[in-house]
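Take a look at the structure set out below.
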Amino acid sequence: MAQFDVVIIGAGAAGLMCATQAGYRGRKVLVVDHAKQAGKKILISGGGRCNFTNLFASPANYLCRNPHFVKSALARFTQHDFIELVDRHGIAYHEKTLGQLFCDDSAKDIVQLLLTECDWAGAKVQLKCQVSQIEKTAAGFSLKVNGEAVTCQSLVVACGGLSMPKLCATPLGYQIAEQFGLAILPTRAGLVPFTLDKPDLDKFAELAGVSLPISAHSEDGTVFKEALLFTHRGLSGPAILQISSFWQPGQDVTLNLLPGLDISDALGKMAAKHPNQALKTALARLLPKRLVEILGEHGAIDGEMPLKALDAGRMKKLATALGEFRVHPNGTEGYRTAEVTLGGLDTDELSSKTMESKQVPGLYFIGEVMDVTGWLGGYNFQWAWSSGWAAGQAV
C-alpha cells in the first residue's frame, strides 16, 4: 500500500500549484490525473500562449454566491506573486489588453514551470490514472489509483469543472463532494458564445467572421466593453463571453454598437458637409458596411434616408436602434466551448483561508470545481494559483 501525506486529484493549474507548495513544506505529495498530459487546459488557453494572470485581478472580478470567499486567497497569493514566479523561470511575457498577461512563446512554458517546481519540491505527478473507492479513514483517506491502494492524510480535489469535455473534463469533483455530503450549486457553462434562433441566425449569417467593438449589457446591469464577433452559430468575442456569465436563459442582451460615440454629434457633423448623403453611407464609416446593410434590410434603420432628414425625433430613434440593439439568445454553445463552469461546490462548505471542508477534516477543494468563476482575461488562472497556494500551505 502506497502512503502519502497528500494526494491531489487533478494535474491542472490549481493541483500543480498546490503540489509545489505542499512539497516545499516537506510533505510527501502525489498528484494523479486521468489525462495523458498535465495541464491540458493551460496548453490550449490564450490561443496556445496562456493568459496566465491579470494585472488588475481583485475580488470584484469573480462570481461567487459568497463574494467575500475569494478575498483571503487572492490577498495571500496575488497576481504579482505569480508574475515573480514566472520571472524566476525566465519566461518572457507581454501585456495584451486590459491587464492580460500572455507568454511570448508558448503555454508550454507555464506547464513546464509547474512541473519543474513539482520536481524541485519532490512532488510526484502520475498521469493516466483512474481514481476509485475513495473512503474516509481514521488517519485520513484511502483510495484506489489504477486499482492500487493508496492512503493519505490530506486529499485535495482539483479536477476542475465540466467545461471542454474534449480536454477530459468530468464531474468527478462534484461526485466526490456529494459522496461526503457537501452541497453543490447548479452548474452551467460560463465564458461561452451565444447561439441564436433561426430568424436572427439567418439575419446575421452573412456576418460570420465580422468583428466590432461594442458594449454588452445584461439584464442585471452588468456591462462589458470589448469586441463582438459574429459566428455561424450566433455571437461570440470577448464582450459576449464576458456577459454570458451574467446571462440567464430567457433574458435579452442589449448591445451598444457604437460605445463611447455621440451618434447625434457624429452624424450632425457629417450632415453639415454632405446633407444629401444616405444614412447607410455615413454609418458605413462608423460600422462594418455589411452590418449597416443588414440593419437596413431588416428595418432597424432607414439606410436610404438623407442625412438632412435626420430631425431630432429620427435621430433619437436611430440612437436607440444602434445604442440599445437587443438580441435574444436561445442558449449557449454549452460546455463544449465554454472556458469555465459556473456554480459547483458551495463555498460555504469550505474555509476561505485553507480551502478545507468544514465537515470533512483533511478534504480540500481548489480551482474551478468550486463556485468561483473569474472574468475572461487571466482571472480564472489567478484563482487556480491563489486557491492552490492557500491549500498547499495547509495540507
Side-chain angles (χ1 to χ4, degrees), residues 1-23 25-36 38 118 121-162 165 168-187 341 343-372 384 387-388 390-395:
M1 181 181 292
Q3 297 180 328
F4 293 87
D5 297 321
V6 184
V7 170
I8 300 169
I9 304 175
L16 294 175
M17 172 59 81
C18 181
T20 67
Q21 299 307 306
R25 291 177 47 242
R27 307 292 279 163
K28 185 180 180 183
V29 181
L30 172 66
V31 184
V32 295
D33 199 300
H34 68 296
K36 297 178 182 178
C118 282
K124 181 180 179 181
V125 179
Q126 193 170 322
L127 303 173
K128 295 187 282 188
C129 291
Q130 295 300 319
V131 174
S132 61
Q133 298 182 30
I134 300 171
E135 295 179 3
K136 187 79 175 79
T137 66
F141 298 85
S142 68
L143 60 156
K144 291 287 184 69
V145 177
N146 286 345
E148 299 293 325
V150 174
T151 64
C152 59
Q153 295 173 11
S154 298
L155 180 64
V156 183
V157 179
C159 41
L162 300 172
C168 304
T170 75
L172 178 60
Y174 308 133
Q175 292 166 353
I176 295 171
E178 289 173 338
Q179 175 187 334
F180 289 101
L182 308 185
I184 301 292
L185 299 178
T187 61
T341 304
L345 177 65
D346 190 339
T347 57
D348 287 349
E349 298 281 6
L350 305 175
S351 161
S352 63
K353 182 176 181 181
T354 65
M355 309 295 140
E356 184 177 19
S357 166
K358 295 175 182 178
Q359 296 185 43
V360 186
L363 181 61
Y364 297 76
F365 291 82
I366 56 176
E368 190 182 345
V369 70
M370 72 178 79
D371 173 39
V372 174
S387 62
Q393 306 306 307
V395 291

Enumerate, atom names and distances included, each donor-acceptor pair closer than 3.5 Å involving a side-chain atom of residues 363-371, sequence neighbours excluded.
unit_1 : atom_1 : unit_2 : atom_2 : d
Glu368 : OE1    : Lys41  : NZ     : 2.9
Glu368 : OE2    : Ser163 : OG     : 3.0
Glu368 : OE2    : Thr341 : N      : 2.7
Glu368 : OE2    : Thr341 : OG1    : 3.1
Asp371 : OD2    : Arg65  : N      : 3.0

Residues in side chain to side chain contact (heavy atoms under 4.5 Å, CB included) contact with Lys358, at least two apart in sequence or another chain: none

Partner residues of Ala35 under the side chain to side chain contact (heavy atoms under 4.5 Å, CB included) criterion, sequence neighbours left out: Asp33, Lys40, Cys168

Residues in side-chain hydrogen bond (donor to acceptor under 3.5 Å, both in side chains) contact with Thr187, at least two apart in sequence or another chain: Tyr335

Listed partners of Ser352 passing side-chain hydrogen bond (donor to acceptor under 3.5 Å, both in side chains), at least two apart: none

Side chain to side chain contact (heavy atoms under 4.5 Å, CB included) partners for Lys124, two or more places apart: Leu30, Gln126

Pairs where residues 10-23 contributes a residue and the test side-chain hydrogen bond (donor to acceptor under 3.5 Å, both in side chains) is met, not counting sequence neighbours: Gln21-Trp389, Gln21-Gln393

Inter-residue atom distance Leu143.CG - Cys152.SG, 0.5 Å rounding: 6.0 Å

Heavy-atom side-chain contact between Met355 and Ser387 under 4.5 Å: yes

Lys NZ or Arg CZ of Lys136 over Phe141 ring: under 6.0 Å, within 45°: yes

Test item: Val7 and Val156 side chains (from C-beta on) under 4.5 Å apart, heavy atoms: no

Partner set under side chain to side chain contact (heavy atoms under 4.5 Å, CB included) for Ala183, not counting sequence neighbours: Asp346, Glu349

Distance (rounded to the nearest 0.5 Å) between Leu345 CG and Glu178 CD: 10.0 Å

With sequence neighbours excluded, residues passing side-chain hydrogen bond (donor to acceptor under 3.5 Å, both in side chains) with Ser142: none

Nearest-0.5 Å distance, OH of residue Tyr174 to CG of residue Leu185: 10.0 Å

Contact list for residues 148-159, test side-chain hydrogen bond (donor to acceptor under 3.5 Å, both in side chains), sequence neighbours left out: Arg27-Gln153

Ile134, Val145, Val31 screened by side-chain contact (heavy atoms from CB on, under 4.5 Å) with Ile9, the one that passes: Ile134

